[in-house]
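Below is one structure; the comments refer to it alone.
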Amino acid sequence: MTDLVIRALDASDAQLFDTMQDPLDVGAAHRTTRHRPDWKRVALRDGRVVARGAWWGGPDDTEPVVLNWFDVAEGEQEAGVELLRTAPWQVEAELNLPGGWREDPSLRAAADTRFTALRAAGYELLVERFLYRWTPECGLPERPGRLVFAPEPDDAVFLEALRRIHSATLDAHALIAIEQGGVDQAAREELDFFNWCPSPREWWQVAHTPAGEPVGIHIPAHNPSGPCVGFIGVLPQQRGHGYAFDLLAECTHFLVEHGAEFVAAATDQGNHPMAAQFARAGYPVVRERVNFQFRKAAGEDRS
């Protein structure tokens, strides 16, 4: 087997990235994603791309925040491992897969090849998620009318609500943050994400009952790829009443009223209560995402 060449790309040769087959149709998943050419890397053998990775971040980020496109040709797992090991960034990885990929033998085999390479390069499975995309054909979910929504200019109000919401959470990313630094870190990471989104701060809303009891928060947002449900959270003492649906319905209406022609969203597959509310609100699952976190430095024993 000939030697492997791993190289970063730039604007002059970025087209090399697109010469590899795309059995998982990742290109369709990223049709609105803008990847920087210099955050793309390929592994070549005999001039043919046998592995590729694209790292992504916001337009103002100086470093990528996630690896969200990773492909390995059949029989070239070691090339994929070397591509990852030699990359200058060890950030979270996410693979966007077609819905129901486990039921299709060819899709499952392609996914397993990428999973194996990620694990060999020091990544560990974090969580599997459902990806949703609401469009007008889905119909707007009816507003139940049980809650009162209002903007709130004080970040401290949202921070305290997030602390309480994450004191009893099913979200895998929040649980990692809690493990590292408690609920305060989880709350601050959420707040940092809201501020990172380019959508207006004035969009953030709190929800109360008509009697004034706080219920939760919702964050209509735009990320760099378009409108999305930034966050839905119900306070622990208000759970069991289906209020997550009220928040999601309001968030959807808000985004549509502000010009959204689609709304993207996601939730952990293990978060059955929230997944049920997305289904109730008419949000179809369009893809599935598998997130891996980087745990080991390159060169460490991975046996």
Side-chain angles (χ1 to χ4, degrees), residues 4 6-9 17 20-27 29-30 33 35-36 38-45 49-58 61 63-98 101-102 107-131 170-181 185-186 189 193 266-271 287-303:
L4 191 70
I6 295 177
R7 52 178 293 199
L9 301 178
F17 192 88
M20 191 174 175
Q21 290 187 335
D22 186 15
L24 296 172
D25 202 21
V26 181
H30 288 305
T33 306
H35 289 103
R36 303 183 197 183
D38 54 323
W39 286 358
K40 293 181 176 180
R41 293 167 61 83
V42 295
L44 301 107
R45 198 182 304 280
V49 178
V50 295
R52 62 182 173 183
W55 285 256
W56 178 86
D61 291 330
E63 296 286 334
V65 297
V66 69
L67 167 68
N68 67 0
W69 193 332
F70 175 59
D71 277 323
V72 184
E74 185 177 352
E76 290 285 1
Q77 285 187 11
E78 280 304 314
V81 174
E82 194 63 19
L83 177 76
L84 296 172
R85 283 176 173 164
T86 58
W89 316 287
Q90 279 79 42
V91 293
E92 186 171 317
E94 58 184 37
L95 300 185
N96 290 328
L97 307 175
W101 59 273
R102 280 189 171 88
L107 294 178
R108 181 161 188 161
D112 286 343
T113 296
R114 288 148 182 78
F115 297 165
T116 300
L118 282 160
R119 289 189 176 100
Y123 287 80
E124 294 178 354
L125 177 65
L126 173 59
V127 68
E128 296 187 38
R129 312 197 82 204
F130 291 125
L131 302 185
L170 297 172
D171 184 87
H173 286 88
L175 290 171
I176 290 293
I178 291 168
E179 178 185 328
Q180 295 172 343
Q185 177 171 320
E189 286 184 4
F193 169 73
T267 196
D268 292 3
Q269 292 189 16
N271 190 344
R287 293 185 76 86
E288 297 180 35
R289 175 177 291 163
V290 183
N291 292 71
F292 287 81
Q293 58 184 332
F294 186 77
R295 283 294 202 186
K296 303 169 186 173
E300 287 185 1
D301 179 16
R302 295 177 176 81
S303 58

Pairing donors with acceptors under 3.5 angstrom, does anything connect the side chains of Asn291 and Glu92?
yes

Value for CD (Glu94) from CG (Leu118), rounded to nearest 0.5 Å, stands at 11.5 Å

Asp38 meets the side-chain hydrogen bond (donor to acceptor under 3.5 Å, both in side chains) criterion, sequence neighbours left out, with none

Salt bridge (Lys or Arg N to Asp or Glu O under 4.0 Å) filter on Glu288, not counting sequence neighbours, yields none

All heavy atoms of Val72 vs all of Ala117, minimum pair found to be CG2-CB, 4.3 Å

The reported gap from CH2 in Trp55 to CH2 in Trp69 (rounded to nearest 0.5 angstrom) is 13.5 Å

CZ of Arg119 to CD of Gln77, rounded to nearest 0.5 Å, is 11.0 Å

Residues passing the salt bridge (Lys or Arg N to Asp or Glu O under 4.0 Å) test with Arg52, sequence neighbours excluded, are Asp71

| request: Measure the shortest side-chain to side-chain distance between Val290 and Leu97 over non-hydrogen atoms and say whether it is less than 4.5 angstrom. | output: yes

#### Entry: Val26 side chain near Phe70 side chain, heavy-atom distance below 4.5 Å
no

Residues at least two apart in sequence or cross-chain that pass ring pair (Phe, Tyr, Trp, His ring centres under 6.0 Å) with Phe130, listed by chain then number, are none

In short, Ala93 meets Tyr123 closest at the heavy-atom pair CB-CE2, 3.9 Å

Rounding to 0.5 Å, atoms CZ (Arg41) and CG (Leu83) come to a distance of 6.0 Å

Rounding to 0.5 Å, atoms CZ (Arg114) and CG (Leu95) come to a distance of 8.0 Å

| said: Between Ile178 and Gln185, is there a side-chain heavy-atom distance shorter than 4.5 Å? | reply: no

Arg102/Glu128 under salt bridge (Lys or Arg N to Asp or Glu O under 4.0 Å): CA gap, chis, key distance, verdict: CA-CA 12 Å; Arg102 280 189 171 88; Glu128 296 187 38; 2.7 Å; yes

Exercise for review: Would you kindly say whether Arg287 and Asn96 are connected by a side-chain donor-acceptor distance under 3.5 Å?
Suggested key: no

>> Taking the ring centre of each residue, are Phe292 and Phe115 less than 6.0 Å apart?
In response: yes

Can you check whether Pro98 reaches Leu24 side chain to side chain, under 4.5 Å on heavy atoms?
yes

For Gln180, does the CD atom sit with more than 12 other heavy atoms under 6.0 Å from it, leaving out its own atoms?
yes

Assess whether side-chain contact (heavy atoms from CB on, under 4.5 Å) is satisfied between Leu125 and Gln293, documenting all intermediate values.
CA-CA 6 Å; Leu125 177 65; Gln293 58 184 332; over 6 Å; no

Smallest heavy-atom separation, Arg85 atom then Gln90 atom, equals O-NE2, 4.2 Å

Of all heavy-atom pairs linking Ile6 and Ala43, the shortest is CG1-CB, 4.0 Å

Tightest non-hydrogen contact, residues Trp39 and Trp56, listed as CZ3-C, 3.9 Å

So CZ of Arg129 and CG of Leu131: to nearest 0.5 Å the spacing works out to 7.5 Å

Checklist entry - Is Glu76 salt-bridged to Arg45, going by a charged N under 4.0 Å from an acidic O? => result yes

Correct closest heavy-atom pair for Pro64 and Val91 would be O-CG1, 3.6 Å

**Study point:** Any donor-acceptor N/O pair, Asp22 side chain to Gly27 backbone, under 3.5 Å
**Key:** yes

For the backbone of Gly58 and the side chain of Asp61, can you confirm whether one donor and one acceptor N or O come within less than 3.5 Å of each other?
yes

Sorted by chain and number, sequence neighbours left out, salt bridge (Lys or Arg N to Asp or Glu O under 4.0 Å) with Arg36 holds for none

Using only atom types and a distance under 3.5 Å, with no angle test, would you say the side chain of Asp268 pairs donor to acceptor with the backbone of Asn271?
no

| query | Can you find a pair of side-chain heavy atoms, one from Lys40 and one from His35, that are under 4.5 Å apart? | reply | yes

### Heavy-atom check, side chain of Leu4 versus side chain of Leu44, under 4.5 Å
no

Residues at least two apart in sequence or cross-chain that pass salt bridge (Lys or Arg N to Asp or Glu O under 4.0 Å) with Glu78, listed by chain then number, are none

Are the side chains of Phe17 and Val49 in touch, meaning some heavy atoms are under 4.5 Å apart?
-> no

